[in-house]
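Heads up, the thing below is written out as structure tokens.
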Amino acid sequence: MTKEEINDLTRVALSDRIRCAVKAVLEQVIEEEMTEHTGTRHREKTDARKGERNGSYNRNLITPVGKIEQLRVPRDREG
């Protein structure tokens, strides 16, 4: 294996890891926004609830670090 091939493999692996990290951070931020919006965490039942969660859907997202596939986006009953 040449040095150039090793560099290419390293670049691809690093790019994949960056995309995975960006996906994890985005999903966490989106989940926190939903928690703030509904007033409860996932599966939590309180009297202070402002809304109800209604599952999630997957979305692809184009970012500067590349395409992030299957980004989990929660949704609520109000849309």
Side-chain angles (χ1 to χ4, degrees):
M1 193 176 273
T2 67
K3 187 173 182 174
E4 186 174 312
E5 290 173 334
I6 292 171
N7 287 340
D8 288 342
L9 289 174
T10 303
R11 192 174 305 115
V12 169
L14 184 59
S15 179
D16 288 344
R17 291 190 78 172
I18 290 171
R19 273 195 304 279
C20 286
V22 168
K23 178 181 178 183
V25 169
L26 285 173
E27 286 178 341
Q28 184 176 2
V29 168
I30 293 169
E31 186 65 35
E32 290 296 322
E33 286 179 350
M34 182 59 80
T35 297
E36 185 178 318
H37 173 71
T38 61
T40 59
R41 292 183 306 239
H42 186 64
R43 297 191 182 265
E44 180 181 28
K45 296 182 180 185
T46 65
D47 294 332
R49 172 178 269 163
K50 300 176 197 167
E52 292 185 36
R53 293 173 183 255
N54 190 23
S56 63
Y57 60 96
N58 292 325
R59 188 54 71 106
N60 294 335
L61 181 66
I62 305 294
T63 67
V65 296
K67 184 177 182 181
I68 297 176
E69 296 184 1
Q70 302 296 313
L71 181 68
R72 186 180 166 276
V73 180
R75 58 180 164 204
D76 67 343
R77 293 202 183 264
E78 297 172 358

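When reading the values below, keep in mind they use all heavy atoms of this one structure, side chains included, and skip hydrogens, waters and symmetry mates.
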- Note on the structure: Taken to the nearest 0.5 Å, the spacing of L26 CG from I30 CD1 works out to 5.5 Å
- Task: Mind running side chain to side chain contact (heavy atoms under 4.5 Å, CB included) on V22 and I68 for me, showing each step along the way?
- Result: CA-CA 8 Å; V22 168; I68 297 176; 3.4 Å; yes
- Without swapping roles, check the side chain of E5 against the backbone of T2 for a donor-acceptor pair under 3.5 Å. yes
- Message: Whether the side chain of R77 engages the backbone of E52 through a donor-acceptor N/O pair (distance < 3.5 Å, no angle test) should be reported.
- Response: no
Can you see which heavy atom on [X] is nearest to which on [Y], and at what distance?
X: S56; Y: P74; result: CB-CA, 3.7 Å
X: K23; Y: E69; result: NZ-O, 3.4 Å
X: L71; Y: E27; result: CD1-CG, 3.5 Å

[X]-[Y] side chain donor-acceptor pair, cut-off 3.5 Å:
X: N58; Y: Q70; answer: yes
X: R53; Y: T35; answer: yes
X: S15; Y: R19; answer: yes

- Test side chain to side chain contact (heavy atoms under 4.5 Å, CB included) on V12 and D8 and set out the steps. CA-CA 6 Å; V12 169; D8 288 342; 5.6 Å; no
- Query: Does any non-hydrogen side-chain atom of D76 lie less than 4.5 Å from one of N54?
  - Reply: no
- Message: Is there a side-chain contact between E31 and R72 in this structure, where contact means two heavy atoms from C-beta onward sitting under 4.5 Å apart?
- Response: yes
- Query: For the hydrophobic clusters of this structure (ILVMFWY residues joined by side-chain heavy atoms under 4.5 Å, transitively), does one cluster hold both I62 and V73?
  - Reply: no
- Report the C-alpha separation of L61 and K67 in whole Å, then their side-chain angles, then the decisive distance to 0.1 Å, and conclude whether the side chain to side chain contact (heavy atoms under 4.5 Å, CB included) test is met. CA-CA 6 Å; L61 181 66; K67 184 177 182 181; over 6 Å; no
- Could you go step by step and tell me if M1 and L9 meet the side chain to side chain contact (heavy atoms under 4.5 Å, CB included) rule? CA-CA 11 Å; M1 193 176 273; L9 289 174; 3.8 Å; yes
